[in-house]
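First listed ligand is number 1; within each ligand, the first listed atom is number 1.
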Amino acid sequence: MSFFKEVNSFIDYATNYVKTDKKLLDLIKQYKSVLSITFPIKRDNGEIETIYGWRAQHSFHKLPTKGGIRISEDVNLDEVMALSALMSYKCAIMDIPFGGAKGGIKINPKKYSLNELEKIIRRYTFELYRKNFIGPAIDVPGPDMGSGEREMAWILDTYATLSNREVDYLACVTGKPIEQGGIRGRKYATGLGAFYVIEYLFNERKDILKKFNVEKDIEDITVSIQGFGNVGYYLAKFLFDKKIKIVAISDITGTVFDENGIDVDKLYEYSKEKGGVLGFTKNSSPNPNDSLFLEVDVLIPAALENVINEDNIEKIKAKIIAEAANGPTTFKAHYKLVNEKLIIPDILFNSGGVTVSYFEYLKNLSHVRFGRLEKRLREQNNINLIKEIEKITGKKIEYKNILNGFSEEDIVRSGLYESMVSGFNNIIQKAEEKNIDLKTAAFVLALEKISVSYSQLGIFP
Ligand code: GLU
């Protein structure tokens, strides 16, 4: 099954609700550039090995293009193309001025030493640089499955060296360690963004829940999560910290169940030590897909694409499917489920990562940490205000807690919340306007925005 075709099936369907030239919509659908690279590395034992990698750029309606680098044994060109397309639509609905891109390196990172991994990432970056596929104004990679701060720092250092540290070189990649120009809050941003959506849905949009016969308060819901990587773990952690009951969590080793709620902190320690979640609870199964079929309020696929498909939709019992992975539900499965289940679309639900990457990019271009210039000023302003109120009322105010100006992390969290909630509301509004489900609405919104960009820019002859 081609994942890129899956994504385009959604787009074709959404096209029915977009009043734009169909030829333009055809253009939007296609990826615009693809780089396929093959290079050798010398392993620690002296053997030469061939490494395969890709970078797909899906849309140039805004530049730079943006998207993570997936490091996995299973990654392939089709997957990278599909994920780059999802990045375009994701950025469009979130009002992030980037085109979509995605990279892939086909290795199992667990089978390589640190030294070998560094060589692979540096060589991959060198190839991107040589082909003009990386740069603050061109294409900005970020983390994805299998890559994180460490890899982003290697990319940064390679780019810095090759570009002779051009003035904005820090903006060539996001998801970096804080000490290397990263931003506070990026590491857990996808999980936190998804958490904000759930919180907002249950606290503020009971009208949407009602349509699917969900009448619970957030503290009473049950959740099952497939995936315990960066996205699954942090989302689980935010839910757990709010005392929300997570009754199952799976990773590649299997699924663990606990109807009283899994202790996410303990599970994290356990899986770090044992290399996976399996065995954490007495009640566990070696099948990661067993996390999909429980009777829970919210099912969160947070791992791979196409896991909910025509072969297993009969078994899905959750009332809400919140798509933290990219493309976890196939096109056919989606439209069979959509009338009875509330599906929160991936391009909204997991967009917190790229949203905070955008903030990191802005920070790097401005060469200053958010809040640095005005923090003290705000504090002083608050003190002045409080003193005035004390004078007028004659009462003393305990102001220690309200004194603080905003730190970078406060600003990032607030910007993330605002972005997630606005994105969600825009999609809900579009769905209501056109009488369609949220996922179709998300794609309609994305197509409308991208086509406005293309139309206004015209076509280069
Ligand atoms: N991998 C993230 C995603 O799928 C985005 C990476 C980035 O920040 O560019 O949305």
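Of all the atoms in ligand 1, the ones that sit under 4.0 Å from a non-hydrogen atom of G67 are 9 (O). Close contacts of ligand 1 with K102, meaning ligand atoms under 4.0 Å from a residue heavy atom, involve 1 (N), 3 (C), 4 (O). Interface of N326 with ligand 1, defined as ligand atoms under 4.0 Å from a residue heavy atom, comprises 4 (O). Heavy-atom proximity to S357, at under 4.0 Å, picks out these atoms of ligand 1: 7 (C), 8 (O). Which parts of ligand 1 touch V354 is read off a 4.0 Å heavy-atom cut-off, strictly below it: atoms 8 (O).
Looking only at protein heavy atoms, the nearest one to atom 9 (O) of ligand 1 is K66 NZ, 2.7 Å. Counting protein heavy atoms only, atom 6 (C) of ligand 1 is closest to P143 O, 3.2 Å.
Classification of R130 and E127 as a salt-bridged pair holds, one side-chain N sitting under 4.0 Å from a carboxylate O.
No side-chain donor-acceptor contact under 3.5 Å links E204 to the backbone of L201.
A cation-pi arrangement, defined by a distance under 6.0 Å to the six-membered ring centre and an angle within 45 degrees of its axis, is absent between K319 and F212. Because its NZ or CZ atom is both nearer than 6.0 Å to the ring centre of Y112 and within 45° of the ring axis, R43 counts as a cation-pi partner of that residue.
At least one side-chain heavy atom of K266 sits less than 4.5 Å from a side-chain heavy atom of F280.
No more than 12 heavy atoms of other residues, nucleotides or ligands sit less than 6.0 Å from atom NZ of K62.
At least one heavy atom of R186 lies less than 4.0 angstrom from ligand 1. Within the 4.0 Å heavy-atom cutoff, M87 counts among the residues contacting ligand 1.
The only member of N326, I96, D346 that meets side-chain contact (heavy atoms from CB on, under 4.5 Å) when paired with K90 is N326.
Where the criterion is an N or O separation shorter than 3.5 Å, residue side chain and backbone included, D144 meets it with respect to ligand 1.
Residue K90 holds the heavy atom nearest to atom 3 (C) of ligand 1 of all those in M145, K90, E360.
Aromatic ring centroids of Y335 and Y13 lie under 6.0 Å apart.
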